[in-house]
Q: 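Please find one structure pasted underneath; my questions will follow.
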Number of protein chains: 2
Amino acid sequence: MSTTGRGLHGRVLDILGPEITAGEYPPGSVLRTDELAQRFDVSRSVMREVVRVLESMRLVESRRRVGVTVLPACEWNVYDPQVIRWRLAGADRPRQLRSLTVLRSAIEPAAAGLAARHATARQCAELTECALGMVAHSRGHQLEEYLVHDVAFHRVILTASGNEMFARLGDVVAEVLAGRTHHDVMFEDPDPAAVTLHVQVAEAVRERDAARAEELTRQITEGALQELDVLAP
Amino acid sequence: MSTTGRGLHGRVLDILGPEITAGEYPPGSVLRTDELAQRFDVSRSVMREVVRVLESMRLVESRRRVGVTVLPACEWNVYDPQVIRWRLAGADRPRQLRSLTVLRSAIEPAAAGLAARHATARQCAELTECALGMVAHSRGHQLEEYLVHDVAFHRVILTASGNEMFARLGDVVAEVLAGRTHHDVMFEDPDPAAVTLHVQVAEAVRERDAARAEELTRQITEGALQELDVLAP
DNA sequence: GTGACTTATAAGTCTGACTTTTTGTTCGTG
DNA sequence: CACGAACAAAAAGTCAGACTTATAAGTCAC
(Lines give C-alpha, C1' and ligand atoms only; values in the text may rest on other atoms or scores of the structure.)
Protein backbone atom coordinates (compact mmCIF):
# COMPACT_ATOMS: atom_id res chain seq x y z
CA MET A 1 0.00 0.00 0.00
CA SER A 2 3.03 2.20 0.31
CA THR A 3 3.25 4.79 -2.45
CA THR A 4 7.01 5.11 -2.28
CA GLY A 5 8.67 1.70 -2.25
CA ARG A 6 10.10 2.26 -5.72
CA GLY A 7 13.84 2.29 -5.70
CA LEU A 8 16.50 2.26 -3.07
CA HIS A 9 15.77 5.86 -2.24
CA GLY A 10 12.15 5.16 -1.44
CA ARG A 11 12.98 2.30 0.85
CA VAL A 12 15.26 4.41 3.00
CA LEU A 13 12.64 7.15 3.10
CA ASP A 14 10.03 4.69 4.28
CA ILE A 15 12.21 3.82 7.26
CA LEU A 16 13.64 7.20 8.17
CA GLY A 17 10.43 9.16 7.62
CA PRO A 18 8.33 7.16 10.08
CA GLU A 19 11.17 7.25 12.61
CA ILE A 20 11.24 11.02 12.55
CA THR A 21 7.47 11.52 12.61
CA ALA A 22 7.29 9.04 15.47
CA GLY A 23 9.48 11.43 17.43
CA GLU A 24 12.38 9.03 17.80
CA TYR A 25 14.77 11.92 17.33
CA PRO A 26 13.92 14.88 19.58
CA PRO A 27 13.70 18.23 17.79
CA GLY A 28 17.15 19.68 17.32
CA SER A 29 18.88 16.32 17.03
CA VAL A 30 21.54 16.28 14.37
CA LEU A 31 22.02 13.44 11.92
CA ARG A 32 25.05 13.22 9.68
CA THR A 33 24.50 12.29 6.06
CA ASP A 34 27.54 10.02 6.03
CA GLU A 35 26.46 8.13 9.12
CA LEU A 36 22.97 7.65 7.73
CA ALA A 37 24.43 6.41 4.46
CA GLN A 38 26.48 3.88 6.41
CA ARG A 39 23.55 2.82 8.54
CA PHE A 40 21.31 2.12 5.54
CA ASP A 41 24.20 0.85 3.46
CA VAL A 42 23.55 3.20 0.58
CA SER A 43 25.70 5.74 -1.19
CA ARG A 44 25.78 9.37 -0.16
CA SER A 45 24.01 10.31 -3.39
CA VAL A 46 20.96 8.30 -2.40
CA MET A 47 21.12 9.58 1.15
CA ARG A 48 21.26 13.15 -0.04
CA GLU A 49 18.12 12.66 -2.11
CA VAL A 50 16.34 11.27 0.92
CA VAL A 51 17.42 14.25 3.02
CA ARG A 52 16.24 16.63 0.32
CA VAL A 53 12.77 15.11 0.34
CA LEU A 54 12.59 15.15 4.13
CA GLU A 55 13.67 18.76 3.95
CA SER A 56 10.87 19.63 1.53
CA MET A 57 8.46 18.11 4.04
CA ARG A 58 10.05 20.34 6.68
CA LEU A 59 10.84 17.34 8.85
CA VAL A 60 14.52 18.25 8.85
CA GLU A 61 16.76 21.11 7.87
CA SER A 62 20.21 20.64 6.40
CA ARG A 63 22.91 23.17 7.20
CA ARG A 64 26.55 23.23 6.35
CA ARG A 65 29.09 22.34 8.99
CA VAL A 66 26.32 21.31 11.39
CA GLY A 67 24.41 18.48 9.74
CA VAL A 68 20.81 17.46 9.26
CA THR A 69 18.80 18.79 12.19
CA VAL A 70 15.38 17.43 13.05
CA LEU A 71 12.72 20.13 13.16
CA PRO A 72 9.99 20.42 15.81
CA ALA A 73 6.61 18.96 14.92
CA CYS A 74 5.05 22.41 14.52
CA GLU A 75 7.19 22.88 11.41
CA TRP A 76 6.17 19.68 9.64
CA ASN A 77 4.08 19.78 6.48
CA VAL A 78 1.24 17.87 8.10
CA TYR A 79 -0.80 17.97 4.89
CA ASP A 80 1.76 15.96 2.97
CA PRO A 81 0.04 12.64 2.23
CA GLN A 82 3.23 10.79 2.97
CA VAL A 83 3.62 12.47 6.36
CA ILE A 84 -0.03 11.75 7.16
CA ARG A 85 0.46 8.10 6.32
CA TRP A 86 3.61 7.83 8.40
CA ARG A 87 1.97 9.45 11.39
CA LEU A 88 -1.14 7.32 11.11
CA ALA A 89 1.07 4.24 11.15
CA GLY A 90 2.92 5.47 14.21
CA ALA A 91 2.33 5.76 17.91
CA ASP A 92 0.33 8.98 18.06
CA ARG A 93 -2.23 7.57 15.66
CA PRO A 94 -5.16 8.45 17.97
CA ARG A 95 -4.22 12.10 18.19
CA GLN A 96 -3.67 12.22 14.45
CA LEU A 97 -7.00 10.58 13.77
CA ARG A 98 -8.71 13.16 15.95
CA SER A 99 -7.03 16.08 14.19
CA LEU A 100 -8.10 14.74 10.84
CA THR A 101 -11.65 14.09 11.98
CA VAL A 102 -11.94 17.67 13.22
CA LEU A 103 -10.61 18.82 9.87
CA ARG A 104 -13.21 16.67 8.13
CA SER A 105 -16.03 18.16 10.16
CA ALA A 106 -14.96 21.62 9.07
CA ILE A 107 -14.48 20.77 5.41
CA GLU A 108 -17.14 18.29 4.44
CA PRO A 109 -20.26 20.30 5.26
CA ALA A 110 -18.92 23.20 3.20
CA ALA A 111 -18.01 20.81 0.41
CA ALA A 112 -21.50 19.30 0.45
CA GLY A 113 -23.03 22.75 0.18
CA LEU A 114 -20.90 23.54 -2.84
CA ALA A 115 -21.55 20.11 -4.32
CA ALA A 116 -25.29 20.82 -4.23
CA ARG A 117 -24.60 23.78 -6.48
CA HIS A 118 -21.94 22.41 -8.78
CA ALA A 119 -22.45 18.67 -9.01
CA THR A 120 -22.97 17.32 -12.52
CA ALA A 121 -25.81 14.93 -13.31
CA ARG A 122 -23.28 12.13 -13.44
CA GLN A 123 -21.95 13.01 -9.99
CA CYS A 124 -25.48 13.12 -8.59
CA ALA A 125 -26.04 9.64 -9.95
CA GLU A 126 -22.80 8.36 -8.47
CA LEU A 127 -23.73 9.83 -5.14
CA THR A 128 -27.09 8.08 -5.10
CA GLU A 129 -25.44 4.87 -6.17
CA CYS A 130 -22.94 5.08 -3.30
CA ALA A 131 -25.66 5.83 -0.79
CA LEU A 132 -27.71 2.86 -1.99
CA GLY A 133 -24.61 0.69 -1.78
CA MET A 134 -24.17 1.78 1.82
CA VAL A 135 -27.77 0.89 2.59
CA ALA A 136 -27.40 -2.49 0.91
CA HIS A 137 -24.40 -3.41 3.06
CA SER A 138 -25.44 -1.77 6.28
CA ARG A 139 -26.53 -5.00 7.95
CA GLY A 140 -25.03 -8.41 8.50
CA HIS A 141 -21.37 -7.57 9.10
CA GLN A 142 -20.56 -6.50 5.56
CA LEU A 143 -18.24 -3.82 6.92
CA GLU A 144 -15.72 -3.96 4.10
CA GLU A 145 -18.29 -3.51 1.37
CA TYR A 146 -19.94 -0.76 3.39
CA LEU A 147 -16.60 1.02 3.75
CA VAL A 148 -15.96 0.97 0.01
CA HIS A 149 -19.22 2.77 -0.68
CA ASP A 150 -18.77 5.13 2.25
CA VAL A 151 -15.34 6.22 0.99
CA ALA A 152 -16.63 6.59 -2.55
CA PHE A 153 -19.53 8.70 -1.32
CA HIS A 154 -17.31 11.20 0.46
CA ARG A 155 -14.88 11.31 -2.42
CA VAL A 156 -17.66 12.27 -4.80
CA ILE A 157 -18.87 15.00 -2.45
CA LEU A 158 -15.39 16.47 -2.14
CA THR A 159 -14.75 16.29 -5.87
CA ALA A 160 -18.16 17.65 -6.82
CA SER A 161 -17.57 20.70 -4.65
CA GLY A 162 -15.49 22.01 -7.52
CA ASN A 163 -12.79 23.19 -5.12
CA GLU A 164 -9.45 21.52 -5.71
CA MET A 165 -8.36 22.03 -2.10
CA PHE A 166 -11.40 20.10 -0.94
CA ALA A 167 -11.02 17.46 -3.62
CA ARG A 168 -7.46 16.75 -2.53
CA LEU A 169 -8.68 15.72 0.93
CA GLY A 170 -10.35 12.63 -0.49
CA ASP A 171 -7.39 10.45 0.46
CA VAL A 172 -7.37 11.83 3.98
CA VAL A 173 -11.04 11.10 4.48
CA ALA A 174 -10.55 7.63 3.03
CA GLU A 175 -7.76 7.03 5.50
CA VAL A 176 -9.89 8.18 8.42
CA LEU A 177 -12.87 6.09 7.44
CA ALA A 178 -10.70 3.03 6.85
CA GLY A 179 -9.02 3.61 10.19
CA ARG A 180 -12.35 3.61 11.95
CA THR A 181 -13.39 0.34 10.38
CA HIS A 182 -10.10 -1.51 10.63
CA HIS A 183 -8.01 -0.37 13.55
CA ASP A 184 -10.59 0.64 16.09
CA VAL A 185 -13.10 -1.84 17.35
CA MET A 186 -16.06 -1.94 15.06
CA PHE A 187 -17.76 -5.27 15.19
CA GLU A 188 -21.24 -3.83 15.07
CA ASP A 189 -23.05 -2.73 11.96
CA PRO A 190 -22.88 0.99 11.17
CA ASP A 191 -25.32 3.34 12.86
CA PRO A 192 -28.60 3.25 10.87
CA ALA A 193 -29.06 6.96 11.48
CA ALA A 194 -25.76 7.67 9.71
CA VAL A 195 -26.79 5.55 6.76
CA THR A 196 -30.05 7.45 6.45
CA LEU A 197 -28.18 10.74 6.59
CA HIS A 198 -26.03 9.74 3.64
CA VAL A 199 -29.10 8.91 1.60
CA GLN A 200 -30.59 12.25 2.50
CA VAL A 201 -27.43 14.12 1.54
CA ALA A 202 -27.54 12.48 -1.88
CA GLU A 203 -31.15 13.60 -2.14
CA ALA A 204 -30.39 17.16 -1.10
CA VAL A 205 -27.53 17.46 -3.61
CA ARG A 206 -29.73 16.09 -6.37
CA GLU A 207 -32.39 18.64 -5.48
CA ARG A 208 -29.80 21.47 -5.36
CA ASP A 209 -30.66 22.20 -1.75
CA ALA A 210 -27.28 23.49 -0.57
CA ALA A 211 -28.35 24.46 2.94
CA ARG A 212 -29.87 21.06 3.59
CA ALA A 213 -26.90 19.19 2.14
CA GLU A 214 -24.58 21.20 4.36
CA GLU A 215 -26.64 20.69 7.50
CA LEU A 216 -27.07 16.96 6.94
CA THR A 217 -23.35 16.53 6.30
CA ARG A 218 -22.65 18.45 9.47
CA GLN A 219 -24.73 15.87 11.31
CA ILE A 220 -22.67 13.08 9.76
CA THR A 221 -19.36 14.57 10.80
CA GLU A 222 -20.70 15.46 14.24
CA GLY A 223 -21.56 11.80 14.62
CA ALA A 224 -18.02 10.84 13.67
CA LEU A 225 -16.66 13.25 16.27
CA GLN A 226 -18.90 11.89 19.01
CA GLU A 227 -18.00 8.36 18.06
CA LEU A 228 -14.37 9.32 18.54
CA ASP A 229 -15.14 10.84 21.94
CA VAL A 230 -16.70 7.59 23.05
CA LEU A 231 -13.76 5.45 21.95
CA ALA A 232 -10.89 7.71 23.03
CA PRO A 233 -11.13 9.98 26.06
CA MET B 1 10.93 36.07 0.46
CA SER B 2 11.65 32.72 -1.14
CA THR B 3 12.05 29.96 1.43
CA THR B 4 14.28 27.83 -0.76
CA GLY B 5 17.01 29.91 -2.34
CA ARG B 6 19.67 28.16 -0.31
CA GLY B 7 22.05 26.26 -2.47
CA LEU B 8 22.30 25.46 -6.12
CA HIS B 9 19.58 22.87 -5.75
CA GLY B 10 17.07 25.39 -4.41
CA ARG B 11 17.70 27.80 -7.20
CA VAL B 12 16.91 25.25 -9.88
CA LEU B 13 13.82 24.20 -7.97
CA ASP B 14 12.63 27.81 -7.84
CA ILE B 15 12.75 27.98 -11.62
CA LEU B 16 11.51 24.55 -12.60
CA GLY B 17 8.77 24.35 -9.96
CA PRO B 18 6.95 27.50 -11.06
CA GLU B 19 7.30 26.47 -14.70
CA ILE B 20 5.52 23.20 -14.03
CA THR B 21 2.80 24.63 -11.82
CA ALA B 22 2.24 27.31 -14.43
CA GLY B 23 1.37 24.54 -16.84
CA GLU B 24 4.22 25.25 -19.25
CA TYR B 25 4.63 21.52 -19.74
CA PRO B 26 1.33 19.81 -20.52
CA PRO B 27 0.56 16.72 -18.40
CA GLY B 28 2.37 13.73 -19.79
CA SER B 29 5.32 15.71 -21.11
CA VAL B 30 8.62 13.98 -20.53
CA LEU B 31 11.73 15.75 -19.35
CA ARG B 32 15.12 14.07 -19.34
CA THR B 33 17.30 14.53 -16.31
CA ASP B 34 20.41 14.96 -18.43
CA GLU B 35 18.85 17.64 -20.58
CA LEU B 36 17.63 19.54 -17.54
CA ALA B 37 21.08 19.30 -15.98
CA GLN B 38 22.54 20.79 -19.16
CA ARG B 39 19.92 23.49 -19.33
CA PHE B 40 20.53 24.68 -15.78
CA ASP B 41 24.25 23.99 -16.02
CA VAL B 42 24.34 21.79 -12.94
CA SER B 43 25.52 18.26 -12.33
CA ARG B 44 23.18 15.32 -12.58
CA SER B 45 23.44 14.81 -8.81
CA VAL B 46 21.86 18.19 -8.20
CA MET B 47 19.29 17.65 -10.90
CA ARG B 48 18.30 14.31 -9.43
CA GLU B 49 17.69 15.91 -6.04
CA VAL B 50 15.46 18.49 -7.67
CA VAL B 51 13.50 15.78 -9.46
CA ARG B 52 13.12 13.85 -6.22
CA VAL B 53 11.60 16.86 -4.49
CA LEU B 54 9.26 17.57 -7.40
CA GLU B 55 8.30 13.92 -7.26
CA SER B 56 7.45 14.13 -3.56
CA MET B 57 5.17 17.05 -4.43
CA ARG B 58 3.59 14.83 -7.07
CA LEU B 59 4.31 17.36 -9.78
CA VAL B 60 6.28 14.78 -11.75
CA GLU B 61 6.91 11.08 -11.78
CA SER B 62 10.23 9.53 -12.66
CA ARG B 63 10.30 6.19 -14.41
CA ARG B 64 13.14 4.19 -15.83
CA ARG B 65 13.70 4.17 -19.54
CA VAL B 66 11.03 6.83 -20.06
CA GLY B 67 12.10 9.90 -18.13
CA VAL B 68 10.53 12.46 -15.84
CA THR B 69 6.88 12.81 -16.79
CA VAL B 70 4.81 15.80 -15.73
CA LEU B 71 1.67 14.79 -13.81
CA PRO B 72 -1.78 16.34 -14.30
CA ALA B 73 -2.76 19.08 -11.87
CA CYS B 74 -5.22 16.84 -10.06
CA GLU B 75 -2.26 14.87 -8.75
CA TRP B 76 -0.34 17.81 -7.28
CA ASN B 77 0.09 18.20 -3.55
CA VAL B 78 -1.77 21.49 -3.52
CA TYR B 79 -1.29 21.87 0.23
CA ASP B 80 2.48 21.99 -0.07
CA PRO B 81 3.42 25.55 0.94
CA GLN B 82 5.97 25.69 -1.83
CA VAL B 83 3.44 24.64 -4.45
CA ILE B 84 0.97 27.18 -3.10
CA ARG B 85 3.57 29.93 -3.35
CA TRP B 86 4.53 28.94 -6.89
CA ARG B 87 0.94 28.89 -8.04
CA LEU B 88 0.12 32.19 -6.39
CA ALA B 89 3.03 33.71 -8.23
CA GLY B 90 1.86 32.28 -11.52
CA ALA B 91 -0.82 32.98 -14.06
CA ASP B 92 -3.77 31.25 -12.47
CA ARG B 93 -3.35 33.28 -9.33
CA PRO B 94 -7.01 34.39 -9.30
CA ARG B 95 -8.34 30.85 -9.37
CA GLN B 96 -5.85 29.81 -6.70
CA LEU B 97 -6.81 32.76 -4.52
CA ARG B 98 -10.45 31.78 -4.80
CA SER B 99 -9.79 28.15 -3.86
CA LEU B 100 -7.85 29.24 -0.81
CA THR B 101 -10.49 31.75 0.23
CA VAL B 102 -13.16 29.06 0.05
CA LEU B 103 -10.93 26.83 2.14
CA ARG B 104 -10.52 29.65 4.64
CA SER B 105 -14.26 30.14 4.95
CA ALA B 106 -14.66 26.49 5.80
CA ILE B 107 -11.79 26.30 8.28
CA GLU B 108 -11.70 29.58 10.16
CA PRO B 109 -15.19 29.56 11.68
CA ALA B 110 -14.58 26.07 13.03
CA ALA B 111 -11.17 27.15 14.31
CA ALA B 112 -12.68 30.17 16.04
CA GLY B 113 -15.23 27.96 17.76
CA LEU B 114 -12.50 25.69 19.05
CA ALA B 115 -10.35 28.67 20.01
CA ALA B 116 -13.15 29.94 22.22
CA ARG B 117 -12.88 26.69 24.14
CA HIS B 118 -9.15 26.12 24.19
CA ALA B 119 -7.47 29.53 24.00
CA THR B 120 -5.09 30.31 26.85
CA ALA B 121 -5.27 33.60 28.71
CA ARG B 122 -2.16 34.70 26.86
CA GLN B 123 -3.76 33.90 23.49
CA CYS B 124 -6.91 35.81 24.45
CA ALA B 125 -4.73 38.81 25.27
CA GLU B 126 -2.87 38.54 21.98
CA LEU B 127 -6.15 38.35 20.13
CA THR B 128 -7.47 41.50 21.76
CA GLU B 129 -4.18 43.23 21.08
CA CYS B 130 -4.34 42.31 17.39
CA ALA B 131 -7.94 43.48 17.10
CA LEU B 132 -7.08 46.80 18.72
CA GLY B 133 -4.13 47.14 16.37
CA MET B 134 -6.48 46.65 13.45
CA VAL B 135 -8.80 49.34 14.79
CA ALA B 136 -5.90 51.71 15.31
CA HIS B 137 -4.75 51.37 11.70
CA SER B 138 -8.13 51.08 10.03
CA ARG B 139 -8.19 54.66 8.80
CA GLY B 140 -5.86 56.90 6.89
CA HIS B 141 -4.24 54.51 4.43
CA GLN B 142 -2.20 52.52 6.95
CA LEU B 143 -2.84 49.37 4.98
CA GLU B 144 0.50 47.72 5.72
CA GLU B 145 0.20 48.12 9.47
CA TYR B 146 -3.41 46.96 9.30
CA LEU B 147 -2.36 43.86 7.38
CA VAL B 148 0.26 42.91 9.97
CA HIS B 149 -2.33 42.88 12.71
CA ASP B 150 -4.92 41.17 10.54
CA VAL B 151 -2.54 38.33 9.74
CA ALA B 152 -1.47 38.03 13.36
CA PHE B 153 -5.11 37.88 14.43
CA HIS B 154 -5.97 34.99 12.18
CA ARG B 155 -2.77 33.16 13.07
CA VAL B 156 -3.67 33.31 16.74
CA ILE B 157 -7.17 32.01 16.06
CA LEU B 158 -5.85 29.09 14.05
CA THR B 159 -3.16 28.26 16.60
CA ALA B 160 -5.49 28.64 19.58
CA SER B 161 -7.89 26.14 18.05
CA GLY B 162 -5.52 23.48 19.34
CA ASN B 163 -5.78 21.57 16.06
CA GLU B 164 -2.46 21.23 14.30
CA MET B 165 -4.10 20.89 10.88
CA PHE B 166 -5.79 24.24 11.39
CA ALA B 167 -2.67 25.83 12.85
CA ARG B 168 -0.67 24.87 9.78
CA LEU B 169 -2.95 26.96 7.55
CA GLY B 170 -1.67 30.15 9.13
CA ASP B 171 0.76 30.69 6.27
CA VAL B 172 -1.96 30.14 3.70
CA VAL B 173 -4.24 32.68 5.31
CA ALA B 174 -1.35 35.12 5.58
CA GLU B 175 -0.69 34.67 1.89
CA VAL B 176 -4.33 35.28 0.99
CA LEU B 177 -4.64 38.37 3.15
CA ALA B 178 -1.38 39.77 1.82
CA GLY B 179 -2.52 39.05 -1.71
CA ARG B 180 -5.69 41.01 -1.16
CA THR B 181 -3.82 44.04 0.12
CA HIS B 182 -0.94 44.02 -2.32
CA HIS B 183 -1.86 42.53 -5.65
CA ASP B 184 -5.50 43.43 -5.98
CA VAL B 185 -6.51 47.01 -5.96
CA MET B 186 -7.10 48.15 -2.44
CA PHE B 187 -6.59 51.84 -2.08
CA GLU B 188 -9.50 52.33 0.26
CA ASP B 189 -9.40 51.74 3.99
CA PRO B 190 -10.70 48.36 5.14
CA ASP B 191 -14.42 47.86 5.65
CA PRO B 192 -15.32 49.21 9.12
CA ALA B 193 -17.82 46.37 9.54
CA ALA B 194 -15.03 43.81 9.15
CA VAL B 195 -12.91 45.60 11.72
CA THR B 196 -15.76 45.55 14.20
CA LEU B 197 -16.29 41.84 13.57
CA HIS B 198 -12.69 41.11 14.48
CA VAL B 199 -13.05 42.98 17.74
CA GLN B 200 -16.22 41.05 18.49
CA VAL B 201 -14.55 37.71 17.73
CA ALA B 202 -11.80 38.56 20.22
CA GLU B 203 -14.53 39.35 22.73
CA ALA B 204 -16.42 36.13 22.09
CA VAL B 205 -13.28 34.02 22.46
CA ARG B 206 -12.40 35.80 25.70
CA GLU B 207 -15.89 35.11 26.99
CA ARG B 208 -15.71 31.46 25.89
CA ASP B 209 -18.73 31.89 23.63
CA ALA B 210 -17.90 29.31 20.96
CA ALA B 211 -21.10 29.64 18.96
CA ARG B 212 -20.77 33.41 18.74
CA ALA B 213 -17.08 33.25 17.83
CA GLU B 214 -17.90 30.79 15.06
CA GLU B 215 -20.80 32.81 13.69
CA LEU B 216 -18.88 36.08 13.72
CA THR B 217 -15.90 34.49 11.99
CA ARG B 218 -18.25 33.07 9.41
CA GLN B 219 -19.37 36.62 8.70
CA ILE B 220 -15.76 37.70 8.26
CA THR B 221 -14.98 34.95 5.75
CA GLU B 222 -18.29 35.48 3.96
CA GLY B 223 -17.24 39.07 3.51
CA ALA B 224 -13.94 37.95 2.05
CA LEU B 225 -15.78 35.71 -0.41
CA GLN B 226 -18.14 38.46 -1.49
CA GLU B 227 -15.25 40.85 -1.88
CA LEU B 228 -13.67 38.29 -4.21
CA ASP B 229 -16.90 38.00 -6.21
CA VAL B 230 -16.94 41.73 -6.74
CA LEU B 231 -13.34 41.89 -7.96
CA ALA B 232 -13.27 38.75 -10.11
CA PRO B 233 -16.30 37.52 -12.04
C1' DG C 1 -0.92 -11.64 -35.67
C1' DT C 2 1.36 -13.70 -31.48
C1' DG C 3 4.98 -14.65 -28.52
C1' DA C 4 9.82 -14.89 -27.28
C1' DC C 5 14.17 -12.62 -27.80
C1' DT C 6 17.20 -8.66 -28.33
C1' DT C 7 18.56 -3.98 -27.97
C1' DA C 8 18.75 0.64 -26.95
C1' DT C 9 17.75 4.04 -23.49
C1' DA C 10 17.33 6.76 -19.51
C1' DA C 11 17.02 6.44 -14.72
C1' DG C 12 19.42 4.52 -10.73
C1' DT C 13 23.57 3.76 -8.08
C1' DC C 14 28.29 4.10 -6.46
C1' DT C 15 32.81 6.18 -5.77
C1' DG C 16 36.22 9.54 -4.97
C1' DA C 17 37.92 13.98 -5.34
C1' DC C 18 37.19 18.68 -4.73
C1' DT C 19 34.74 23.21 -3.05
C1' DT C 20 32.31 26.08 0.13
C1' DT C 21 30.32 27.58 4.14
C1' DT C 22 30.19 27.84 8.92
C1' DT C 23 31.53 27.02 13.55
C1' DG C 24 34.64 27.08 17.18
C1' DT C 25 39.23 27.80 18.66
C1' DT C 26 43.34 30.10 19.07
C1' DC C 27 46.06 33.89 19.41
C1' DG C 28 47.35 38.63 19.49
C1' DT C 29 46.18 43.23 21.01
C1' DG C 30 43.82 46.88 23.60
C1' DC D 1 40.28 40.20 31.04
C1' DA D 2 37.68 41.36 27.04
C1' DC D 3 37.42 41.65 22.28
C1' DG D 4 38.27 40.92 17.56
C1' DA D 5 40.77 38.80 13.75
C1' DA D 6 42.94 35.03 11.75
C1' DC D 7 42.86 30.10 11.32
C1' DA D 8 41.63 25.26 11.14
C1' DA D 9 38.41 21.61 10.99
C1' DA D 10 34.06 19.59 9.88
C1' DA D 11 30.19 18.61 7.31
C1' DA D 12 27.29 19.63 3.54
C1' DG D 13 27.48 20.82 -1.30
C1' DT D 14 29.09 19.97 -5.95
C1' DC D 15 31.00 17.61 -9.77
C1' DA D 16 32.56 13.99 -13.14
C1' DG D 17 32.72 9.43 -14.70
C1' DA D 18 31.86 4.64 -14.66
C1' DC D 19 28.79 1.16 -14.00
C1' DT D 20 24.02 -1.33 -13.15
C1' DT D 21 19.23 -2.12 -13.92
C1' DA D 22 14.75 -1.95 -15.47
C1' DT D 23 11.89 -1.49 -19.38
C1' DA D 24 9.86 0.26 -23.67
C1' DA D 25 10.20 -0.82 -28.19
C1' DG D 26 11.72 -3.03 -31.98
C1' DT D 27 12.90 -7.72 -34.31
C1' DC D 28 12.37 -12.10 -35.72
C1' DA D 29 10.70 -16.71 -36.05
C1' DC D 30 6.54 -19.29 -36.01
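Per chain, numbering begins at 1; letters A, B, ... match sequence-line order.
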Q: So, are Glu49(A) and Arg52(A) salt-bridged, with charged N and O less than 4.0 Å apart?
A: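 A salt bridge is absent here (no side-chain N lies under 4.0 Å from a carboxylate O).
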Q: Excluding sequence neighbours, so at least two apart, what forms ring-ring contact (aromatic ring centres under 6.0 Å, His included) with His154(B)?
A: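 Applying ring-ring contact (aromatic ring centres under 6.0 Å, His included) to His154(B) gives His198(B).
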Q: Identify the 5'-most and 3'-most nucleotides of DNA chain C with at least one atom closer than 4.0 Å to a non-hydrogen atom of chain A.
A: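 So the outermost contacting nucleotides come out as dT13(C) to dT23(C).
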Q: To the nearest Å, give me how far apart CD (Glu49(B)) and C1' (dC15(D)) are.
A: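 After rounding, the reported distance stands at 12 Å.
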Q: For Asn163(B) and Ser99(A), work out which heavy atoms get closest and say how close.
A: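 For Asn163(B) and Ser99(A), the tightest heavy-atom pair comes out as ND2-O, 3.2 Å.
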Q: If you take all heavy atoms of Thr221(B) and Pro109(B), which pair is closest and at what distance?
A: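 It is OG1-CG, 4.1 Å.
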Q: What pair of heavy atoms forms the shortest contact from Leu88(B) to Glu175(B), and how long is it?
A: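 Shortest heavy-atom contact: CD1-CG, 3.0 Å.
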Q: Using atom CZ of Phe40(B) as one end and atom C1' of dC15(D) as the other, report the distance to the nearest whole Å.
A: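 Between C1' of dC15(D) and CZ of Phe40(B): 18 Å.
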Q: Nucleotides 16-19 of chain D: which of its N/O atoms have a protein N/O under 3.5 Å away?
A:
unit_1	atom_1	unit_2	atom_2	d
dG17(D)	N7	Arg44(B)	NH2	2.8

Q: Does a salt bridge link Arg58(A) with Asp80(A), judged by any charged N lying under 4.0 Å from a carboxylate O?
A: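 The answer is no: the pair does not qualify as a salt bridge.
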Q: For DNA chain C, what string of dots and brackets results from 5' to 3' when Watson-Crick and G-U pairs need both distances under 3.5 Å, crossing pairs get [ ], and pairs with another strand get |?
A: ||||||||||||||||||||||||||||||
Q: Using the test side-chain hydrogen bond (donor to acceptor under 3.5 Å, both in side chains), find all partners of Glu126(A) that sit at least two apart in sequence or belong to another chain.
A: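 In terms of side-chain hydrogen bond (donor to acceptor under 3.5 Å, both in side chains), with neighbours along the sequence ignored, Glu126(A) is linked to no residue.
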Q: To check you understand the geometry: which heavy-atom pair defines the closest contact between Leu114(A) and Ser161(A), and what is its length?
A: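 Nearest pair, atom of Leu114(A) first, then Ser161(A): CB-O, 3.6 Å.
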Q: Between Val83(B) and Thr21(B), which heavy-atom pair has the shortest distance, and what is it?
A: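 Shortest heavy-atom separation between Val83(B) and Thr21(B) comes out as CG1-CG2, 4.3 Å.
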Q: Give me the atom names and distance for the closest heavy-atom approach of Arg155(A) to Ala174(A).
A: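 Between these two residues, the closest heavy atoms are NH2-CB, 3.6 Å.
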Q: Counting only heavy atoms and a strict 4.0 angstrom limit, can you tell me which residues of residues 63-70 of chain A come near DNA chain C?
A: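 The answer is Arg63(A), Arg64(A), Arg65(A).
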Q: Take the protein atom CE of Met47(A) and the nucleotide atom P of dG13(D), then report the distance between them rounded to whole Å.
A: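 Atom CE in Met47(A) sits about 12 Å away from atom P in dG13(D).
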Q: Side chains of Glu55(B) and His9(A) only: does a donor on one sit below 3.5 Å from an acceptor on the other?
A: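 Per modelled atom types, Glu55(B) and His9(A) side chains form no pair under 3.5 Å.
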Q: Without hydrogens or angle criteria, can the side chains of Thr128(A) and Arg206(A) be said to hold a donor-acceptor pair below 3.5 Å?
A: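 There is such a pair between these side chains.
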Q: Do you see a donor-acceptor pair shorter than 3.5 Å between the side chains of His149(B) and Gln142(B)?
A: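 Short answer, no.
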Q: Give the rounded distance in Å between these two atoms: CD of Glu55(A) and C1' of dG13(D).
A: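 It works out to 12 Å between those atoms.
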